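Values reported hereafter were calculated over all heavy atoms of this structure, with side chains retained and with hydrogens, waters and symmetry mates removed. Fair warning: this is a prediction, and the values are worked out from it, not measured in the lab.
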Amino acid sequence: MLIEKENEPGTALAPRAQVRPEILAPAGTEEMMRAAVENGADAVYFGLQQFNARLRANNFAADDLPRIMAWLHERGVKGYVTLNTLVFSEEVETAAEALLACSNAGVDAVLVQDIGIAELANRLVPDLPIHASTQMTVTSAESVHGIEALGIQLERVVAARELSRRELKRMGADTDAEIEVFVHGAICVAYSGQCLTSEALGGRSANRGECAQACRLPYDLIVDGAQKDLGDLRYLLSPKDLSAFEDIGDLTNIGIVSLKIEGRLKSPQYVAATVKAYRKAVDEAFAGTAPKLDEESRRMLEMTFSRGLTGGYIHETNHQAVVEGRFPKKRGLYLGTVKHVQRNGVVARIEGPLKLGDGVVFDGGKVDEDEEGGRLFEMFRTGTSIKSFDPLKDDVPSIEAVLRFGGGKINFRKVNEGDRIWKTSDPTMDAELAASYAEGRIHHHRPVRAHVAGAIGKPLELTLTDEFGRTATVQDTHPAEAALKRPLTREVLAEQVGRMGNTPFILEHLDATLHGDVMVPLSRLNELRRRAVEELIAKRRTPPARRAHTTALVEMRSATFEQTEAPTTPRLSVLCRSLEQVRASVAHGGIHTIYTDFEDIRLHKEARELIPRDGPRFAPATLRIVKPGEAGFVRVLLQSQPDALLVRNLSSWHILRAEDPGIEVIADYSMNIANDLTARLLHRHGFHVLTPSYDLNITQLLEMMKRAPASWFEVTLHQYMPMFHMEHCVFCRFLSDGTDFTNCGRPCESHGIALRDRVGQEHPVKADAGCRNTVFNAIPQSASEYLDQMLAAGVRQFRADFLTDDAAQVNAVIDAYSSVLAGRRSGHDLWRSLRATSKLGVTRGSLDHE
């Protein structure tokens, strides 16, 4: 069932004031940072050795922060540090040290995922701006208001990649927070902060910076139990790369303050190319010209890294456009196709620019295998050797050419007619990009304004003002004299002051206030300029004075809290995804709470009718994502007369605070409760039952419960781990020709699908009421072996989640866990039984991971 969204296209929304957005570039290394700065980035983001979502990048040491920030500020560039992972309880002290280091070094903002760490930052270093990372899953104004209602002060939010321009506009109109948007680079197929795939399959959590990129692997599509032939479409979860170049004008008009480029794991040349392109787009937009991606810029972007470019979700949802499905890795620039294969070369139809020395690869549709490729050694057209071909320069759309490579580099028996050809390397372009940030000189300069004041008999005074309003004023060492022949003019002053050479500055404008015909030697003017530049640089390099409340963490952890009455005996709740499961759970008896999670939200009312008023508590689950205009999904749940609600995001919580402030709210795993600070924060605001994050292993879970009462927590004992949670609809993309729910024919209502991985596991895919998909792990996980430890720690509330289970399976699961909780059976015995009787076995899941 679909709920009509509020404010559909055409509804007037108040626009934000137009500002020139910053270009925000990735910096996984210092060379990448230099590439960004020298090509015109306004800000860079980078990580430290811990707590950042790209641990595979080289990253930076905290001790280097003062030097790095001083250099960035000298160059007029802001630096943001990514502390954008979940933090476990035993790591909170280390996170506090990182926050202090960032504040002291003058870091312009930290990006934070963990709401407990965000609150800590506000209290510990109150002058350090906080940006909500995209990992915080900010999808609407209600998300922002929910964060603010917790008392967290944010300067900026990084919006989820899945929002369209219309949704971003509405979000901006309904909140005062600055909004940052990704405009280029890789797209995560799952909502950031809501992907548990790497954790489920190998204990490498994306919420901890260790994403294993399972979305880039091949999958078979299983439809109603049979494999669907999709030809060469095997990468069903691998999106193309985002490129919003031509949307910059629109994004600027709706008040987006920061345009973010993804890519801390990519090359310095990629950073140089993307920053150069988007610098051009922003400057064009503010010159009154709609940015248009020219062919040369497109080639540069595709060559430095591209899986194919898409507008992503910025142009409204189009499931046919975001995921092509043919390849998961960099392809580069498309050149053409193989016409014939020779013994030592190929005859090809070439449609793109190619020259000797370029690297090419032959794509036969098996990109997960080793592909043939190499550097072009010779090229012949109609029997004549040529060094290059460019459709733009040669004014010919394509040619047929013979391509030859270094001896033995390519096995031409593995190349076939019809194979696509891609250019993967262009040494000339790489050299040009590398030259744009070569060390030894400053390539990109920031504007300064100058004012000169002087009078005969008084020292000349020069004031420089930078783009941030900082000023440096210096006086000449001697008084000005009366000119006999050539008095100083504004033009002469502009020429001399403007000779800033290899400094960070370029003179934008000069004013002069001169009384009388003043004369000062040019050598003294030059010295005046040098001193003013040095003073301005020194001011730019000096970090701001900031407060630090060093006792904040101790105070937060020692604060008293409302005690929650713990049940005297363990109790079991269940989450049902079908009415059959609800009936079976009610009939079984002994269940404390029945949570319901249906694709058709009308079924919640039917579930209510199945559950006696004196029976288990009835608690429908909200959607994991609430986008602008989707508050109706939450309101419908209230119509089912629930006893409580299982809340999966702060958007839903904020809506509930307005609609029914008295309703009991239970925080689900998707709220990412990974430490005691987050648990205390949510409990203080009415979440009296908390589901711990699935990123925690048993040691981390028990550590959190040493610092926050175990009676607060309800631990999931049995479930099929929800791995990918996506805007991308597999049903729509591969079972229809539609673009979204309005024209796809709703195949999700008539078919069951699964994704079969390389080891043969078939992972079920389910759609929710918002047409978003979740891929669940094929193998159930059980925490039964850890029950004794959890009971000893004081946990008394437990949960079992069902997926496609029938009534008999529901009864078996409830029987099994109830017997352990009642002490009639050991958890280890249950584990062995599940391993033996389950069709696919069972896994210990995330609690067993290191």
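Using a 4.0 Å cut-off between charged side-chain N and carboxylate O, Glu630 and Arg635 make no salt bridge. Ion pairing of Arg165 with Glu316 is absent here, as no side-chain N (NZ or NE/NH1/NH2) approaches a carboxylate O to less than 4.0 Å. The pair Arg156-Glu22 meets the salt-bridge criterion, since a charged nitrogen lies less than 4.0 angstrom from a carboxylate oxygen. A salt bridge does not link Glu599 to Arg577: none of the charged nitrogens lies less than 4.0 Å from a carboxylate oxygen. We find that Asp174 and Lys169 are not joined by a salt bridge, their nearest charged nitrogen and carboxylate oxygen being 4.0 Å or further apart. The pair Glu703-Arg707 meets the salt-bridge criterion, with a side-chain N (NZ, NE, NH1 or NH2) lying under 4.0 Å from an Asp/Glu carboxylate O. A salt bridge links Arg648 to Asp597: at least one charged side-chain nitrogen sits closer than 4.0 Å to a carboxylate oxygen. The existence of a salt bridge linking Arg123 and Glu119 is confirmed by a sub-4.0 Å separation between a basic side-chain nitrogen and an acidic carboxylate oxygen.
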Check the pair Val582 / Ser585 against side-chain contact (heavy atoms from CB on, under 4.5 Å), numbers first and verdict last.
-> CA-CA 5 Å; Val582 173; Ser585 299; 5.8 Å; no
Assess whether side chain to side chain donor-acceptor pair (under 3.5 Å) is satisfied between Thr742 and Asp740, documenting all intermediate values.
-> CA-CA 6 Å; Thr742 64; Asp740 62 14; 2.5 Å; yes
Test Ile594 against Arg617 for side-chain contact (heavy atoms from CB on, under 4.5 Å), laying out the working first.
-> CA-CA 6 Å; Ile594 294 179; Arg617 283 194 314 170; over 6 Å; no
Check the pair Phe687, Trp653 against ring pair (Phe, Tyr, Trp, His ring centres under 6.0 Å), reporting the backbone distance first and the verdict last.
-> CA-CA 10 Å; Phe687 290 91; Trp653 176 62; 5.6 Å; yes
Before giving the answer on side-chain contact (heavy atoms from CB on, under 4.5 Å), spell out for Asp695 and Leu196 the whole-Å C-alpha distance, their side-chain angles and the decisive distance to 0.1 Å.
-> CA-CA 8 Å; Asp695 286 290; Leu196 292 163; 3.9 Å; yes
Carefully, step by step, assess Glu727 and Tyr191 under the rule side chain to side chain donor-acceptor pair (under 3.5 Å).
-> CA-CA 7 Å; Glu727 191 73 19; Tyr191 275 90; 2.4 Å; yes
Candidate pair Asp668 and Arg799, rule salt bridge (Lys or Arg N to Asp or Glu O under 4.0 Å), full reasoning = CA-CA 11 Å; Asp668 205 2; Arg799 181 172 121 194; 2.9 Å; yes
Before giving the answer on side-chain contact (heavy atoms from CB on, under 4.5 Å), spell out for Val715 and Gln797 the whole-Å C-alpha distance, their side-chain angles and the decisive distance to 0.1 Å.
-> CA-CA 7 Å; Val715 179; Gln797 301 175 90; over 6 Å; no
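Inspection of the Thr716 and Tyr694 side chains reveals an N or O donor paired with an N or O acceptor under 3.5 Å. His319 and Arg733 are not linked by any side-chain donor-acceptor pair at a separation below 3.5 angstrom, with hydrogens and angles left out of the test. When only modelled atom types and interatomic distance are considered, Thr678 and Asp114 share a side-chain donor-acceptor pair under 3.5 Å. In this model, a donor atom of one side chain and an acceptor atom of the other lie less than 3.5 Å apart for Tyr669 and Arg624. There is no side-chain donor-acceptor pair under 3.5 Å between His131 and Asn84. Between the side chains of Ser711 and Arg796, not a single donor N or O lies within less than 3.5 Å of an accepting N or O. Side chains of Ser140 and Glu142: a donor-acceptor N/O pair is present below 3.5 angstrom, by distance only. Asn207 and Gln113 form a side-chain donor-acceptor contact under 3.5 Å, judged by distance and modelled atom types alone.
Distance CD1/Ile179 to CD1/Ile254: 7.5 Å, rounded to 0.5 Å. Note that CG of Leu638 is 5.5 Å distant from CG of Leu645, once rounded to the nearest 0.5 Å. Atom CE of Met726 sits about 12.5 Å away from atom CD1 of Ile625, to the nearest 0.5 Å. Here the SG atom belonging to Cys729 is positioned 8.0 Å from the CZ atom belonging to Arg746, to the nearest 0.5 angstrom. The CG atom of Leu623 sits 7.5 Å away from atom CG of Leu637, with the distance rounded to the nearest 0.5 Å. From Ile314, atom CD1 reaches atom CG of Leu242 across 5.0 Å, with rounding to the nearest 0.5 Å.
Judged purely by atom type and a 3.5 angstrom limit, Asp768 uses its side chain to pair as donor or acceptor with the backbone of Arg772. For the pair Asp643 (side chain) and Phe618 (backbone), a donor-acceptor distance under 3.5 Å is present. Of the possible polar contacts, none joining the Asn122 side chain to the Ile152 backbone as a donor-acceptor pair under 3.5 Å is found. In this structure a side-chain-to-backbone donor-acceptor pair under 3.5 Å is present from Tyr313 to His728. Distance alone, capped at 3.5 Å, is enough to place a donor-acceptor pair between the Glu167 side chain and the Ser164 backbone. The main-chain N or O of Ser205 is never found under 3.5 Å from a side-chain atom of Ser198 such that the two would form a donor-acceptor pair. At distances below 3.5 Å, at least one donor-acceptor pair connects side-chain atoms of Ser651 with backbone N or O atoms of Ser143. In terms of modelled atom types and a separation under 3.5 Å, the side chain of Asp660 and the main chain of Leu656 share no donor-acceptor contact. Here the side chain of Ser573 pairs a donor or acceptor atom with the backbone of Thr593 at under 3.5 angstrom. Formation of a donor-acceptor pair under 3.5 Å by the Ser103 side chain with backbone atoms of Val125 is not found in this model.
Side chains of Ser693 and Leu86 form a contact here, defined as non-hydrogen atoms less than 4.5 Å apart. Taking the side chain as every heavy atom from C-beta outward, Val189 and Phe724 approach each other to under 4.5 Å. In this structure, Leu128 and Pro126 have side chains that are not in contact, with every pair of non-hydrogen atoms separated by 4.5 Å or more. Under the 4.5 Å side-chain criterion, counting only non-hydrogen atoms from C-beta, Arg161 is in contact with Thr134. With contacts defined as side-chain heavy-atom distances shorter than 4.5 Å, the pair Met704/Ile673 qualifies. Within the 4.5 Å cutoff, no side-chain heavy atoms of Trp712 are placed close to those of Met705.
Judged by the 6.0 Å distance and 45° axis criteria, Lys766 is not positioned over the aromatic ring of Phe776. Relative to the ring axis of Phe88, Arg208 places its NZ or CZ within 45° and under 6.0 Å from the centre.
Taking all atoms of both residues into account, the shortest heavy-atom contact from Met171 to Thr175 is O-CG2, 2.8 Å. Of all non-hydrogen atoms in Phe598 and Ser578, the two that sit nearest each other are CE2-N, 3.5 Å. The two residues Ala206 and Gln135 have their closest heavy-atom pair at O-NE2, 3.8 Å. Looking at every heavy atom in both residues, Leu803 comes nearest to Gln581 through O-NE2, 3.1 Å. Contact between Pro21 and Ile256 at its shortest, heavy atoms only, is CB-O, 3.4 Å. Taking all atoms of both residues into account, the shortest heavy-atom contact from Pro722 to Gln719 is CD-OE1, 3.2 Å.
Within 6.0 Å of the CD atom in Gln639, the count of heavy atoms belonging to other residues, nucleotides or ligands exceeds 12.
Below 30°, between 30° and 60°, or above 60°: for His145 and His654 the angle between ring planes is between 30° and 60°, a tilted geometry.
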